[in-house]
Peer 1: 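Below: one structure in C-alpha cells.
These values consider heavy atoms only, across backbone and side chains, with no hydrogens, waters or symmetry-generated copies.
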Amino acid sequence: MTYDASKLTLKKVELNSKLSANAVNTNIPGEIYFNGINADGISAPSFDAATLTFTVNKDIEASSLPLALPVNVALAEACDSDLQNGTLSASNGTITVNPTVLPVASN
C-alpha cells in the first residue's frame with residue numbers, strides 16, 4: 001500500500017486474525033508491505049485483511065483543510081494451497097483530514 005508520508009505517519013498495522021504466519025514491513029515511509037497465510041483457506045466472501053492506524057503530521061496548514069489523502073493498494077495477490085492464482089479484489093481509499101472544531105464557551 002502507498003500513502004503520503006509527508007502528511008501521514010503510520011502508527012500501527014493490525015492484520016486480520018484469519019491470517020497466520022504473517023509479516024509486515026513498514027521501513028519505507030509511504031509504503032506498507034504485508035502478507036499473510038491461512039493454511040485452512042478463507043471461505044468468507046470478503047474480509048478486511050488489515051487495519052491501518054495513522055496520525056496526521058502537525059505541519060499541515062489549517063488553510064489546506066479539509067484535505068483528502070489517498071491510500072492506495074499497489075499490489076494484491078492471492079493463491080490457493082496448490083499455488084494457483086486466486087481471485088482477489090482490493091479497494092483504494094481516502095483519509096479525509098478535517099479542521100479541528102473547538103467548543104465555544106457561553107455565559
Side-chain angles (χ1 to χ4, degrees):
M1 300 194 74
T2 60
Y3 63 94
D4 187 343
S6 71
K7 296 183 174 55
L8 297 171
T9 299
L10 179 68
K11 290 297 182 185
K12 183 171 41 170
V13 177
E14 292 179 86
L15 294 178
N16 188 308
S17 61
K18 292 180 183 178
L19 300 174
S20 59
N22 50 52
V24 178
N25 183 342
T26 58
N27 294 334
I28 302 170
E31 298 180 18
I32 305 165
Y33 298 92
F34 61 85
N35 64 32
I37 298 170
N38 184 310
D40 297 325
I42 297 171
S43 59
S46 68
F47 77 99
D48 296 332
T51 300
L52 311 175
T53 304
F54 294 94
T55 57
V56 177
N57 297 345
K58 58 185 170 188
D59 60 347
I60 293 179
E61 295 289 331
S63 61
S64 69
L65 302 178
L67 182 63
L69 301 172
V71 178
N72 298 307
V73 177
L75 176 65
E77 298 178 325
C79 66
D80 62 19
S81 59
D82 295 323
L83 301 179
Q84 299 300 309
N85 288 338
T87 302
L88 180 71
S89 64
S91 300
N92 294 328
T94 301
I95 296 173
T96 302
V97 181
N98 291 307
T100 303
V101 178
L102 300 174
V104 176
S106 61
N107 294 341

Peer 1: Do Asn35 and Ile37 have side-chain heavy atoms sitting under 4.5 Å apart?
Peer 2: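 Sidechains of Ile37 and Asn35: no contact.
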
Peer 1: Provide the closest heavy-atom pair for Ala90 versus Ala76 in the form atom of the first, atom of the second, distance.
Peer 2: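 Looking at all heavy atoms of both residues, the shortest contact is CB-CB, 3.9 Å.
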
Peer 1: Just jot down the side-chain contact (heavy atoms from CB on, under 4.5 Å) partners of Glu61, sequence neighbours excluded, or say none.
Peer 2: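 Glu61 satisfies side-chain contact (heavy atoms from CB on, under 4.5 Å) with Ser63, Ser64 once adjacent residues are dropped.
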
Peer 1: Enumerate the residue pairs fulfilling ring pair (Phe, Tyr, Trp, His ring centres under 6.0 Å) with a member in residues 81-105, sequence neighbours excluded, ordered by first and then second residue.
Peer 2: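 Those involving residues 81-105 do not exist here.
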
Peer 1: Rounded to the nearest 0.5 Å, how far apart are CG of Asn72 and CG of Asn92?
Peer 2: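 So the CG of Asn72 and the CG of Asn92 are separated by 4.0 Å.
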
Peer 1: If you measure only the distance, is there a donor-acceptor pair under 3.5 Å linking the side chains of Asp59 and Asn57?
Peer 2: no

Peer 1: Tell me, please, which residues at least two apart from Asn98 pass side-chain contact (heavy atoms from CB on, under 4.5 Å).
Peer 2: Pro66, Thr96

Peer 1: When clusters are formed from ILVMFWY side-chain contacts under 4.5 Å, directly or step by step, what else is grouped with Phe34?
Peer 2: Met1, Tyr3, Leu8, Leu10, Val13, Leu15, Val24, Ile32, Leu52, Phe54, Val56, Ile60, Leu65, Leu67, Leu69, Val71, Val73, Ile95, Val97

Peer 1: For Thr94 and Ala68, work out which heavy atoms get closest and say how close.
Peer 2: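 Distance-wise, the nearest heavy atoms are CG2-CB, 3.6 Å.
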
Peer 1: Under the side-chain contact (heavy atoms from CB on, under 4.5 Å) rule, collect the residues that match up with Lys11, sequence neighbours excluded.
Peer 2: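 Only Thr9, Thr53, Thr55 meet the side-chain contact (heavy atoms from CB on, under 4.5 Å) criterion with Lys11.
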
Peer 1: State which residues pass side-chain contact (heavy atoms from CB on, under 4.5 Å) with Ser6; sequence neighbours excluded, sorted by chain then number.
Peer 2: Asp4

